[in-house]
Amino acid sequence: MTTALSFENLTLGYDRLPAVQRLETEIPQGSLTAVVGPNGAGKSTLLKGVIGTLTPLEGKIGFGEFCRDDIAYLPQQSDIDRGFPLTVVDLVSMGLWRQIGPFGRVRRAQRARVADAIAAVGLTGFEKRSIGSLSGGQMQRVLFARLLLQDAQLVLLDEPFNAVDTRTMADLLEIIARWHREGRTVLAVLHDFDSVRTHFPRTLMLAREMVAHGATEDVLTSENQFRARQMCEACASTPHVCGKDAA
Amino acid sequence: MIWDAIIAPFAEFGFMRRALLGCVAISLGATPVGVFLMLRRMSLTGDAMAHAILPGAAIGYLVSGLSLGAMTIGGLVAGMAVALASGFVTRATALREDASLAAFYLISLALGVLIVSTRGSNVDLMHVLFGTVLALDNAALILLCSIASLSILGVAILFRPLVMECADPQFLRSVSGLSAVTHFTFLSLCVLNLVGGFHALGTLMAVGIMILPAAGARFFASSIAGLIGVAVLIAIGSSVTGLLLSYHFSLPSGPAIILVAGIAYVLALLFGPVGGLVTQAIPKSQVNP
């Protein structure tokens with residue numbers, strides 16, 4: 001089994017305080033993995049480490065056959081300034097960055113790809129709408145259209161179903177399933193264990209340290225969930241000595 | 001009548017034409033930077049940077065008197081030092097950028113006023129604080145036009161990363177290493193325009209021509225290109241009107257220009273078609289009930 005991502009004794013954090021500690025595991029290529037854990041478990045931090053926004057305090061991240069150019073990242077909606085005067089087509093076109101770079105022109109064929117991506121998420125007709133006028137679900141569809149354009153082998157999703165209705169969630173899950181069928185590696189931070197059990201074959205449970213990683217039915221046990229909560233509560237009270245030792 | 005009121009002051013007096021050219025150059029260069037400052041919620045950062053350049057200009061004045069080159073270089077060095085120091089403190093400590101910038105600009109401002117007050121006259125202090133738009137010489141005009149050209153070129157080159165850095169910084173960081181470069185180049189353009197602007201409008205007023213037209217444009221346009229276009233028009237219109245008011249009523253030119261830009265902002269706030277207060281109060285007609 002080829003490895004898409006490997007975490008080798010990885011510690012990530014902010015202001016020298018670790019948010020993910022001593023993570024040691026591998027994500028298989030072509031896998032569909034949910035990253036779960038209590039609030040403050042380091043799930044989003046892990047994704048920021050993979051895209052390079054955070055530099056490891058210790059250890060390293062291995063990319064297997066990938067390089068950082070093969071990664072597409074869906075940030076949390078709260079990271080995006082919805083008041084910025086951008087239209088749907090402007091935001092989706094950002095997915096062409098790797099082809100056009102900071103200065104290149106969007107050519108006719110690329111405009112057609114943008115239109116196809118917008119159609120694939122069911123937003124044809126919304127091209128000229130400002131992103132500030134969209135609902136949470138429509139905005140998430142726009143961000144998925146941008147991911148489609150990026151056409152990356154490794155897809156990182158940070159809470160992709162926050163504030164979306166069930167119809168939108170079903171549509172977005174279908175896109176994720178298609179990526180999985182195409183052999184892309186998908187890593188998604190999620191809170192809803194029911195959808196993880198139904199749609200994600202593998203799960204990585206974090207509580208700053210790794211609690212468990214493997215087949216979803218083996219990871220999402222009540223013992224693991226209890227242990228994860230205990231570890232995170234210990235971290236909240238003594239952040240400098242948190243982890244398995246404190247639990 | 002119209003000739004006497006509007007055209008004659010510029011047609012008859014070289015100093016008015018020079019002032020107009022200087023103001024148009026500042027409007028073209030500084031206003032697009034102001035639009036991005038506003039969109040990045042950094043309008044007060046512009047104000048802080050405007051204050052930060054004062055000690056550099058004051059030291060330049062002490063060394064060489066009212067020398068364009070010395071005061072420009074001094075202002076640039078002081079502005080960039082404050083931008084870099086506050087950026088470093090933000091990244092190295094838990095202090096947020098607004099707090100570290102405020103700390104450095106207040107130190108810088110106090111230092112500047114102290115230097116000018118102890119070693120110069122009140123006239124010198126007024127020159128640095130409020131500018132001398134009616135006394136721009138050839139060298140000053142060349143400097144203002146060069147800064148405007150550089151600024152327009154810089155914004156054009158940076159446009160896409162700047163938009164991404166404003167709207168979705170995490171995404172820019174995930175696809176490109178240009179995030180930090182974009183941020184510091186943008187701050188450099190901001191300092192450069194403020195240094196250019198202070199020769200004409202003074203350190204305290206220069207930021208006005210950057211921010212007020214941008215804030216007013218928000219009520220007329222909803223695209224970035226539209227915002228920049230409207231803001232530049234407001235800035236140029238304010239410059240022409242302010243200079244004429246200054247000429248006819250013997251008012252200080254810098255404050256007159258900024259005050260007109262302020263009136264334009266208030267009018268836009270009230271009557272602007274995109275979210276102006278009056279526009280919002282008028283009920284929309286029902287279509288196809």
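Because only heavy atoms are used, hydrogens play no part in the values below, and waters and symmetry mates are left out as well, while side chains stay in. Sequence lines set the chain letters: A, B, ... in the order given, protein chains first and strands last, and positions in each chain run from 1.
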Of the backbone (N, CA, C, O) and the side chain (C-beta and beyond), which part of B:Ser174 lies under 4.5 Å from a heavy atom of chain A, both, or neither? both
Can you find a pair of side-chain heavy atoms, one from B:Ser176 and one from A:Arg98, that are under 4.5 Å apart? no
Audit row: B:Gln170, A:Asp158, side-chain contact (heavy atoms from CB on, under 4.5 Å) steps and yes/no: CA-CA 11 Å; B:Gln170 291 289 351; A:Asp158 198 350; over 6 Å; no
Is it the case that atom CD1 in B:Ile263 sees more than 12 heavy atoms from other parts of the structure closer than 6.0 Å? yes
Would you say B:Phe184 has more than 12 foreign heavy atoms packed within less than 6.0 Å of its CZ? yes
Are any of the side-chain heavy atoms of B:Arg40 and A:Phe84 separated by less than 4.5 Å? no
Engaged part of B:Arg41 at the chain A interface, taking heavy atoms whose separation is under 4.5 Å: side chain
For B:Ile157, which atoms come within 4.5 Å of any heavy atom of chain A: side chain, backbone, both, or neither? both
Which value, rounded to the nearest 0.5 Å, describes the distance between B:Asp168 atom CG and A:Arg146 atom CZ? 4.5 Å
With distance as the sole test, does B:Arg160 use its side chain to make a donor-acceptor pair with the main-chain N or O of A:Met94 at under 3.5 Å? no
Between CZ of B:Phe171 and CG of A:Leu147, what distance do you get to the nearest 0.5 Å? 8.0 Å
Part of B:Ile224 lying under 4.5 Å from any heavy atom of chain A: both
